[in-house]
Amino acid sequence: IKKLKIKTLSGEEINYTPKELNKGTVIGGFIFGLGWAMTGACPGPLYALFGSGIFVFGLMILSALLGTFVYGFFQNKLPH
């Protein structure tokens, strides 16, 4: 998008603001990657794998949902 200078449908320029890399991002990325490596599946296809009859992926789906709720609960207490 940057290289080709692509614009929105209304002709506006698309601007990006760089994100600051901090300790929380690194730790969160590590935990996410660890879970991904342990399940052997990208988070998106978990539902397809479960739907195709590999029911052990139901546990992974529940774990992902639990992780989301835990993050929501502790979000205000985490470093920015």
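Counting begins at 1 with the first residue of the sequence. Keep in mind that the numbers below use all heavy atoms, side chains included, and drop hydrogens, waters and symmetry copies.
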K.L.:
Which donor-acceptor pairs under 3.5 Å do side chains of residues 65-74 form with protein atoms, sequence neighbours excluded?
P.N.:
from, atom 1, to, atom 2, distance (Å)
Thr68, OG1, Ala64, O, 2.9

K.L.:
Would Met38 end up clustered with Leu59 when hydrophobic side chains under 4.5 Å apart are linked, directly or stepwise?
P.N.:
no

K.L.:
Shared ILVMFWY cluster between Met60 and Ile54, side chains joined below 4.5 angstrom?
P.N.:
yes

K.L.:
Does Ile14 have any side-chain contact (heavy atoms from CB on, under 4.5 Å) partners at least two apart in sequence or in another chain, and if so, which?
P.N.:
Ile1, Thr8, Tyr16

K.L.:
Cluster question for you: counting only ILVMFWY and a side-chain heavy-atom cut-off of under 4.5 Å, with indirect links fine, are Trp36 and Phe30 together?
P.N.:
no

K.L.:
Which pair of heavy atoms, one from Glu13 and one from Lys7, lies closest together, and at what distance?
P.N.:
CA-CG, 4.4 Å

K.L.:
Can a donor-acceptor pair be found, under 3.5 Å and without considering hydrogens, that links the side chain of Thr39 to the backbone of Gly35?
P.N.:
yes

K.L.:
Restricting to non-hydrogen atoms, name the atom on Pro45 and the atom on Cys42 that form the minimum distance, rounded to 0.1 Å.
P.N.:
CD-O, 3.1 Å

K.L.:
What residues, two or more places apart in sequence or in another chain, satisfy ring pair (Phe, Tyr, Trp, His ring centres under 6.0 Å) together with Phe55?
P.N.:
Phe50

